[in-house]
Amino acid sequence: MKNTIKLVTKLVALLLVAVMCLGIFASCGKKEDTTPLVVGYAPFNEKFSPFFSETAYDQDVYAMTQLGLLTSDRTGAVVEKGINGTTIAYNGTDYTYYGPADLTITENADGTVDYDFTLRKDIVFSDGQKLTIDDVIFTMYVLSDPAYDGSSTFFALPIEGMKEYRAGMSAKWNLILDDLAAESTANKDKGYYTDADKTAFLTAWNKAGVSFAQSIVDYCMANYASYGAVDVATSAELWGFEVEDGGTAEDFWNALFEAYGYNTNDTNGLNFEKAESAFTAYLSGNLDDEMLKAVQTGTSAPNISGIKKTGDYSMTIKMTKVDATAIYQLGVSITPMHYYGDKSLYNYNANQFGFTKGDLSGVRSKTTKPLGAGPYKFLKYEDGVVYFEANSKYYRGTPKTKYINFKQCMTDDDKLNGVLQGTIDITDPSFSNDTIKAIEEANGGSLDGSVVTTNTVDNLGYGYIGMCATVMNVGGNPSSDASKNLRKAFATVLSVYRELAIDSYYGDRASVINYPISNTSWAAPQSTDDGYKVAFSVDASGKDIYTSGMTADEKYAAALAASLTFFEAAGYTVEDGIVTAAPEGAKLEYEAWIPADGSGDHPSFMILTEASKAFATIGITLKIKDLTNSSELWDALEANQVAMWCAAWGASVDPDMYQIYFSGDGTNEEGGSNYMYKIDDAQLNQLILDARASTDQAYRKSMYKACLDIVVDWAVEIPVYQRQNAIIFSTERVDLNTITPDITTFYGWMSEIENTQLK
């Protein structure tokens, strides 16, 4: 009996030890498996859809769950052979890039271009269903549908048959809006909508408008409280609209509607005023499925002839012409048709593509819950936090961190403090002087230390000072040598103060650039390139202004002296170093507009103030208009009322210059942003078109260098600075050896997120 009790006691003890060991192992496993990596984000809009997301933060959410048809390297170049991987050197290190497909591009003798895609055959979505070319075709047809109103412009590609497929159909709400804008009933008279439809639309319109106005108020109160944005009236005033004290968001909406009516255009309508999302995004969110469906208004092709299935894992897209930018649009997220669409509605040979043409209600119903073949599965969005779980079926292997949370932070301070206090592991605060100071204090004087590790990349864009050729010219001829010399006179002095101002405002967080293009672009001229010049560094005779060893004050004096040579060449009267008279159409006084919040808070503000002082010594007046509301600037630019202004461009992966500098040639329309500069140069137009019509990067770079030289010669844009963005990591919690190496503007920390681990 004693032996039995003893044996039982031993067995119990062994079981307890086993349980304790299991508990220990479970605890260790629990830490590895269930402790989430937390990423700090700005507020989400919960449009986590590869089709309908709008903000960068929502796009990052869906990107965690999706797999793109194409991938790119660290320079932003598209990788065309992804199945077996392509090895490309960067910063002296070879990196191999993988993707779900191989791409072959063939330029045909008739001017058409074939893009042949072949998919891997072993990829499945996170729910286990196979990924095939049918999912790619489904995705492309959604993006091409006449009822599609998301941010993608895939439908604008010169794909054979695209226009015919989209013709003859229009969303019902667009037909109502067209009638309202034209004060017409033409579409109603054709039976495309009813009075009840119009009433429902107007209800949705006003509801969306109040929400839209409130979003602007919320934005102003969050970002401009120090400038007086404390309620609707003060926020509206900062935004450039008048609302009585005690007014509501509805009053603000009425003011917006009075200004724009039913114009929803991005450049001169309601969509232009957005603080976060565009007005039409609020509108579509308030419309029912029937209103969003497309109505048949004419003849519409049953398919897109240029999109052809060639096998279960292959397809060809035929473009009617060479478009160098097209490849960036073709890398669509491969969405699962069985989830976003309806497999019973897919029959390629019968022109059925996974949904009813003109009806995207099924796709829209999945907007808040993304699913795909990406590295992570979306679990839920709750209380401002997006929860992800590793996708064990990810084709590049199960991610090493099982759970990741994207946590909403209301301010940049929340992001930074989250890392410092241990509640956030990775985030992207504004890289301001205050942020730098706080990081350095936490680390004991460095941006990289025991608490925080900082990674900086160049921002995809650049700061500039612009001049309008139709406002700043001689004799009413913007393209004359005299007019160019007038603008060069100002550009030469403004340019010399760039280094002083940018160093003062940004320190090491930005650098001066010499061509109007972001340094992130492969087309940006480098100092080692033949023909590279410092911007506006020669006088009117072409002689270099600066010599090595010059002090800053000597440079300022040399620039001012050179500006006098340009004023003389422009036809100004210069006597004893003083400008005394202006030629016809030109002036002795010009004004520069700068959106510096009325307090001089802008990187280029010091450039203007120092240049203004210098010009005053030679008889030229440069007035500075410091705006509290930046929308005033864009309105005035559109009306060609501004001679000179300070702003920044956002850039894209491809350096296509059509949008900014193309002035129209009778066949092709003017680029949408050229209204600011008013360049009209046939040679520049042709170079832009030539660059667009080639996929040879070396050739395109030479074309763009020639374009940039012409823009500089017109002196309508002074390149100023390239600033940096920052991603910060908790040194204490993140295993820095596992984050994406050599992070760049185009290859962020999420690019290899499957490898990222906590310590």
Side-chain angles (χ1 to χ4, degrees), residues 39 44-72 79 82-83 97-101 117 119-143 148 150-152 154 312-313 315 329-343 346 353-355 360 362-381 386-399 401-406 748 750-756:
V39 186
F44 301 106
N45 284 353
E46 206 177 354
K47 289 190 175 182
F48 307 139
S49 167
F51 299 108
F52 297 110
S53 64
E54 295 166 359
T55 69
Y57 307 108
D58 282 9
Q59 288 164 5
D60 276 0
V61 172
Y62 87 66
M64 291 279 283
T65 70
Q66 301 298 315
L67 184 61
L69 181 59
L70 295 171
T71 189
S72 60
V79 176
I83 293 179
Y97 301 88
Y98 294 93
F117 290 94
L119 287 177
R120 290 176 60 131
K121 299 179 180 180
D122 60 346
I123 300 178
V124 297
F125 293 105
S126 62
D127 62 359
Q129 295 208 32
K130 286 187 71 67
L131 183 156
T132 72
I133 208 68
D134 291 333
D135 297 294
V136 180
I137 291 173
F138 160 77
T139 301
M140 290 182 173
Y141 267 90
V142 171
L143 296 173
Y148 178 73
S151 59
S152 170
F154 179 86
D312 289 342
Y313 294 92
M315 67 182 295
Q329 293 277 12
L330 293 176
V332 299
S333 295
I334 308 173
T335 62
M337 176 172 55
H338 67 271
Y339 179 74
Y340 285 100
D342 184 341
K343 291 186 74 171
Y346 187 87
F353 304 106
F355 62 99
L360 299 181
V363 181
R364 294 180 195 278
S365 69
K366 304 297 196 303
T367 293
T368 61
K369 296 181 179 180
L371 187 146
Y376 279 84
K377 296 186 293 184
F378 175 90
L379 296 179
K380 63 179 179 178
Y381 173 62
V386 182
Y387 296 86
F388 298 99
E389 181 181 15
N391 175 14
S392 61
K393 299 176 177 61
Y394 186 48
Y395 83 109
R396 283 163 62 172
T398 303
T401 296
K402 186 168 185 179
Y403 295 108
I404 291 181
N405 296 346
F406 283 5
M750 286 175 58
S751 296
E752 297 177 13
I753 197 169
E754 68 271 15
N755 297 322
T756 304

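Along the sequence shown, residues carry numbers from 1. Side-chain atoms are counted along with the backbone in the values below, which use heavy atoms only and exclude waters and symmetry mates.
For the pair Ile334/Leu119, a side-chain contact is recorded, criterion being any heavy-atom separation below 4.5 Å from C-beta on. Annotation: side chain of Phe406 is in contact with side chain of Phe44 (closest heavy-atom distance under 4.5 Å). You'll find the side chain of Val136 reaches within 4.5 Å of the side chain of Met140, heavy atoms only. Using a 4.5 Å cut-off on side-chain heavy atoms (C-beta onward), Thr139 and Tyr340 make no contact. Looking at Phe388 and Val61, their side chains come closer than 4.5 Å, going by heavy atoms from C-beta outward.
Residues forming a ring-ring contact (aromatic ring centres under 6.0 Å, His included) with Phe378 (at least two apart in sequence, or on another chain): Phe48. Annotation: side chain to side chain donor-acceptor pair (under 3.5 Å) contacts of Tyr381 (sequence neighbours excluded): Gln408. Remark: Pro375 engages Tyr394, Pro399, Ile753 in a side-chain contact (heavy atoms from CB on, under 4.5 Å) (not counting sequence neighbours). Checked against ring-ring contact (aromatic ring centres under 6.0 Å, His included), Tyr97 has the following partners two or more places apart in sequence or in another chain: Tyr747. Residues meeting the ring-ring contact (aromatic ring centres under 6.0 Å, His included) test with Tyr395, sequence neighbours left out: none. By the salt bridge (Lys or Arg N to Asp or Glu O under 4.0 Å) test, Lys380 is found to be paired with Glu382, residues two or more places apart in sequence or in another chain being considered. In terms of the ring-ring contact (aromatic ring centres under 6.0 Å, His included) criterion, Tyr376 has no residue partners (sequence neighbours excluded). Residues satisfying the side-chain contact (heavy atoms from CB on, under 4.5 Å) test with Thr368, not counting sequence neighbours, are Glu46. In terms of the side-chain contact (heavy atoms from CB on, under 4.5 Å) criterion, Ala63 has no residue partners (sequence neighbours excluded).
A side-chain donor-acceptor contact under 3.5 Å links Ser126 to the backbone of Gly372. Distance alone, capped at 3.5 Å, is enough to place a donor-acceptor pair between the Gln66 side chain and the Leu371 backbone. Thr71 places no side-chain N or O within donor-acceptor distance of the main-chain N or O of Gly99, the cut-off being under 3.5 Å.
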Please tabulate, one pair per line, all N/O donor-acceptor pairs under 3.5 Å involving side-chain atoms of residues 49-56, not counting sequence neighbours.
residue : atom : partner : partner atom : Å
Ser49   : OG   : Phe51   : N            : 2.9
Ser49   : OG   : Phe52   : N            : 3.1
Ser53   : OG   : Ser49   : O            : 3.1
Glu54   : OE1  : Ser277  : OG           : 2.8
Glu54   : OE2  : Lys47   : NZ           : 3.3
Thr55   : OG1  : Asp58   : N            : 3.1

TODO: Would you check, one step at a time, whether the test side chain to side chain contact (heavy atoms under 4.5 Å, CB included) holds for Tyr57 with Asn45?
DONE: CA-CA 8 Å; Tyr57 307 108; Asn45 284 353; over 6 Å; no
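The stretch residues 133-142 participates, sequence neighbours left out, in these salt bridge (charged side-chain N to carboxylate O under 4.0 Å, His left out) pairs: Asp134-Lys309. Pairs passing the salt bridge (charged side-chain N to carboxylate O under 4.0 Å, His left out) check and including a residue from residues 120-130, sequence neighbours excluded, read Arg120-Asp122.
Checked against the 6.0 Å centroid threshold, Tyr403 and Tyr387 do not count as a close aromatic pair.
Closest heavy-atom contact between Thr401 and Ala390: O-CB, 3.8 Å.
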